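Please see the structure below; I have some questions.
When reading the values below, keep in mind they use all heavy atoms of this one structure, side chains included, and skip hydrogens, waters and symmetry mates. Note that the structure is predicted; figures quoted are calculated from it, not measured.
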Amino acid sequence: ALAKVKTLEAAAMESQRDGSRAGEAVKKAKEAQEGEKRAKEQLGKERDLVKDLTKEAKGLREELAKVGQEMEAAKASAAKAEAEAKRRVEALEERAAGQVQAL
């Protein structure tokens, strides 16, 4: 009977150790699930940030293109004004030369 009690005690202790190991395994599995959940949330936040930055970059590229077009238009306008000014100066010089010769 004493041997049977010892055997049962050993089996109970082994069962308790197995239960403790199973509890630890469950705890680690839950921690892993929580870590995975946090990682997914972080990934979602990072994806949202990438989307926002991509959208902002697109807006900035469009704005830069618009400014470039405005600069080109301003250059063309300035060149046109410069050509008109040169034409007027040449006309005035010709008129002045003609008046000098007439004197």
Worksheet entry | Exam field: side chain S15 to backbone A11, donor-acceptor pair closer than 3.5 Å |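 Not at all, since once roles are kept as given, no pair shorter than 3.5 Å links the two residues.
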Fill in: Heavy atoms of other groups near Q16 CD, more than 12 under 6.0 Å
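Check fails, neighbour count at 12 or below.
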Discussion item. By the definition side chain to side chain contact (heavy atoms under 4.5 Å, CB included), identify the one residue from D52, L53, T54 that meets it with V50.
Written reply: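 Only one of D52, L53, T54 forms a side chain to side chain contact (heavy atoms under 4.5 Å, CB included) with V50, namely T54.
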Could you pull out all donor-acceptor pairs under 3.5 Å where a side-chain atom in residues 87-98 meets a protein atom, sequence neighbours excluded?
| from | atom 1 | to | atom 2 | distance (Å) |
| --- | --- | --- | --- | --- |
| R87 | NE | E84 | OE1 | 3.4 |
| R87 | NH2 | E84 | OE2 | 2.5 |
| R88 | NE | E84 | OE2 | 3.3 |

Practice prompt. Give a yes or no on whether a salt bridge exists between R38 and E41, defined as a side-chain N under 4.0 angstrom from a carboxylate O.
Written response: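 The answer is no: the pair does not qualify as a salt bridge.
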Hey, can you pull the donor-acceptor pairs under 3.5 Å for the side chains in residues 60-78, sequence neighbours left out?
none

Discussion item. Using 0.5 Å steps for rounding, measure from the CD atom of E31 to the CD atom of E24.
Written reply: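 So the CD of E31 and the CD of E24 are separated by 8.5 Å.
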